[in-house]
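Structure record follows, encoded as structure tokens.
All of these numbers come straight from a predicted model, not from anything done at the bench. Throughout, protein chains are lettered first and strands after them, A, B, ... in sequence-line order, and every chain is numbered starting at 1.
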2 protein chains.
Amino acid sequence: MDAERRLRSRGYRLTPQRRAVLEALAGEGGRPLDTSQIHKRVSREFPGIGLATVYRTLELLVELGIALPVHLHEGSRHYELNTGEHRHHLVCLSCGEVQPFRGCDPGELAERVRDESDFLVTSHCLSLFGICGSCRSPGRGR
Amino acid sequence: MDAERRLRSRGYRLTPQRRAVLEALAGEGGRPLDTSQIHKRVSREFPGIGLATVYRTLELLVELGIALPVHLHEGSRHYELNTGEHRHHLVCLSCGEVQPFRGCDPGELAERVRDESDFLVTSHCLSLFGICGSCRSPGRGR
DNA sequence: CTATCAAATGATAATAATTATCAAAAAGCA
DNA sequence: TGCTTTTTGATAATTATTATCATTTGATAG
């Protein structure tokens, strides 16, 4: 895991707690998780881990670019591993499923902004809401 | 003001408090405001208005489509009047200024999603961050 | 192997934003 | 004027997050 190098090179340690948080983020198909979900998952393998540690670890992983915050507008902040690929999320309003959306081109977006404003975009945040395929297919829904 | 009709037709009243919140949203150049900013502004003309009333009023205005929530990732939820035109916001990371971005085409976005996923987008949320013109022009910045 | 020192943890307190509750006040209407 | 429903203000309760701090852990130097 490359995360260890990135931690070490900045003087941080890859503790068992941090490793467990990384594993939680990697598992479960990469669905973005919030702090309490991660805390629950990690507690299975690592009973006694403090919630504050989970918060601190996620903050650190984001700072190091290992994880990314995801805004699903579900009340709490979610996180996922940074795959390096630019992506956003599709949130099904019916079943809650979250799937990635890769069709955003940041350069094109920044250009589009510059076309209409004197503004240099350095980052953005996009969330998409709607109904997923299985909720629309007849006989399924929910 | 058309807001009164929309309220009345659903059995709600346009109280002085609600009118004051609407005026606060309309004033100040339409910069999105959060609850406590609105509460402060309204308190000038309307001392004694409760914070809970501001929260409730904003919730109601959003429900009726008169106002829209704006997510600037500044800790609290912001609101602006619904102009009917689809827009997002450019947030300057240097001076905090917020300006509208009108170059988003929801239909095109939904299509782009459908190109790669079996997902029907019904709404989305976009925020753009960067550096505004006056912060980049030499001798200005801040 | 042990002393040392910074990093990390867990418990918990403190904040901050928001929502819920409820008695009292205001507004519409018969 | 009396009745009913809406609305309000005060305040308690929730929820998410951040801060604090004593203790533990891990790496490192001797």
Spacing between [X] atom [atom1] and [N] atom [atom2], to the nearest angstrom:
X	N	atom1	atom2	value
Leu60(A)	dT18(D)	CG	C1'	16 Å
Arg77(A)	dT15(D)	CZ	P	18 Å
Leu51(A)	dT17(D)	CG	P	9 Å
Glu63(B)	dT7(D)	CD	P	11 Å
Ile38(A)	dT17(D)	CD1	P	11 Å
Asp34(A)	dT18(D)	CG	C1'	16 Å
Arg18(B)	dT7(D)	CZ	C1'	6 Å
Leu58(A)	dA16(D)	CG	P	15 Å

Sugar-phosphate only, base, or nothing, as touched by Gln17(A) at under 4.0 Å among non-hydrogen atoms: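 The residue Gln17(A) makes sugar-phosphate contact but no base contact.
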More than 12 heavy atoms from other groups under 6.0 Å of CD on Glu45(B):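 Open: at most 12 neighbouring heavy atoms sit under 6.0 Å from CD of Glu45(B).
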Hphob cluster co-occupancy, Phe119(B) + Leu72(A), side-chain heavy atoms under 4.5 angstrom: no
Verify same cluster id: Leu7(A), Ile38(A) (apolar side-chain graph, 4.5 Å): yes
Pairing residues for Arg102(B) by the salt bridge (charged side-chain N to carboxylate O under 4.0 Å, His left out) criterion, not counting sequence neighbours: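 Checked Arg102(B) against salt bridge (charged side-chain N to carboxylate O under 4.0 Å, His left out); matches are Glu85(B).
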His88(A)-His124(A) aromatic ring centre distance below 6.0 Å: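 Close enough - the centres of the two rings lie under 6.0 Å apart.
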Pair His73(A) + His71(B): ring centers closer than 6.0 Å: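 His73(A) vs His71(B): aromatic centres under 6.0 Å.
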Per-nucleotide protein contact string for nucleotides 22-30 of chain D, where B marks a base within reach and S marks sugar-phosphate only (heavy atoms under 4.0 Å, - for neither): ---BBS---
Test: Arg87(A) and Glu80(A) ion pair at under 4.0 Å: yes
Side-chain ion pair, Arg112(B) and Glu116(B), N-O less than 4.0 Å: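 Looking at Arg112(B) and Glu116(B), the cut-off is not met.
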Residue pair Arg10(B), Glu63(B): steps toward the salt bridge (charged side-chain N to carboxylate O under 4.0 Å, His left out) verdict: CA-CA 11 Å; Arg10(B) 296 258 248 125; Glu63(B) 183 194 323; 3.5 Å; yes
Contact nearer the 5' end of DNA chain C, comparing Pro47(A) with Arg56(B):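 Upstream on the strand: Pro47(A).
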5' to 3' contact window, DNA chain C with chain B (heavy-atom distance under 4.0 Å): dA17(C) to dG28(C)
